[in-house]
Amino acid sequence: MEKETSRRIALGRVYMTPGAARAMADAGDTVWTFLWRHQLGNWGDVNAEDKQANNNALANDGRLLSAYHTRTGVKLWVITEWDRSATTVALPEEY
């Protein structure tokens, strides 16, 4: 697991796509689990380049992207906009 940030990331307004909501309901997961990890800087299943981009974005007000999997293996993205005004939980194909 990567190093988590010492402070919580502002999420702004939180949005969820219909597909993400369905996938979590089917798996018995809750959105809060994924949002909490994202908010603490646990980027989940992103590659090394995306992890570095996220770490740079924390210092330079950039967009943040995390990737997680539901208990049934469906991939979800959690994306916080550069200005921290909004966070969206979506299936990759919905974004």
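Position 1 is the first residue of the sequence, and the numbers go up from there.
Going from atom OG of Ser66 over to atom CD1 of Ile79 covers 9.5 Å, rounded to the nearest 0.5 Å. Summarising the geometry, atom CD belonging to Glu93 is positioned 10.5 Å from atom NZ belonging to Lys75; distances are rounded to the nearest 0.5 Å.
By the criterion of side-chain heavy atoms lying less than 4.5 angstrom apart, applied directly or through intervening Ile, Leu, Val, Met, Phe, Trp or Tyr residues, Phe34 is grouped together with Met16 in one hydrophobic cluster. In the hydrophobic clustering of this structure, Tyr68 groups with Met24; members are Ile, Leu, Val, Met, Phe, Trp, Tyr whose side-chain heavy atoms approach within less than 4.5 Å, directly or through other members.
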- Item | Stepwise side chain to side chain contact (heavy atoms under 4.5 Å, CB included) test for Arg84 and Leu11 | CA-CA 6 Å; Arg84 309 299 183 256; Leu11 300 177; over 6 Å; no
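Between the side chain of Gln39 and the backbone N or O of Ile9, at least one donor-acceptor pair lies under 3.5 Å. With hydrogens and angles disregarded, no donor-acceptor distance shorter than 3.5 Å links the side chain of Asn60 to the backbone of Gly62. Side-chain N or O atoms of Asn42 include none that pairs as donor or acceptor with a backbone N or O of His38 at under 3.5 Å. With Glu94 contributing its side chain and Leu91 its backbone, the two residues share a donor-acceptor pair below 3.5 Å. The closest donor-acceptor contact from the side chain of Asn55 to the backbone of Lys51 lies under 3.5 Å. Counting only distance, with no hydrogens or angles, the side chain of Thr70 and the backbone of Val74 share a donor-acceptor pair below 3.5 Å.
Each of Val78, Asp50, Thr80 was scored for a side chain to side chain contact (heavy atoms under 4.5 Å, CB included) with Leu65, with one residue passing: Asp50.
Minimum interatomic distance between Ala90 and Ala20 (heavy atoms only, all atoms of both residues): CA-CB, 3.9 Å. Contact between Leu40 and Arg8 at its shortest, heavy atoms only, is CD2-CG, 3.9 Å. Closest approach of Gly44 and Arg37 over heavy atoms only: CA-NH2, 3.8 Å.
Residues Thr17 and Val89 form no side-chain contact, since every pair of their non-hydrogen atoms from C-beta on lies 4.5 Å or further apart. For the pair His69 and Asp45, the minimum side-chain heavy-atom distance is below 4.5 Å.
In the displayed structure, Glu49 atom CD is contacted under 6.0 Å by at most 12 heavy atoms of other residues, nucleotides or ligands.
Under the side chain to side chain donor-acceptor pair (under 3.5 Å) criterion, the residue pairs touching residues 20-36 are Asp29-Arg71, with sequence neighbours excluded.
The hydrophobic side chain of Tyr15 is isolated, with no ILVMFWY side chain under 4.5 Å apart from it. Residue Trp82 shares its hydrophobic cluster (ILVMFWY side chains chained together at separations under 4.5 Å) with no other residue.
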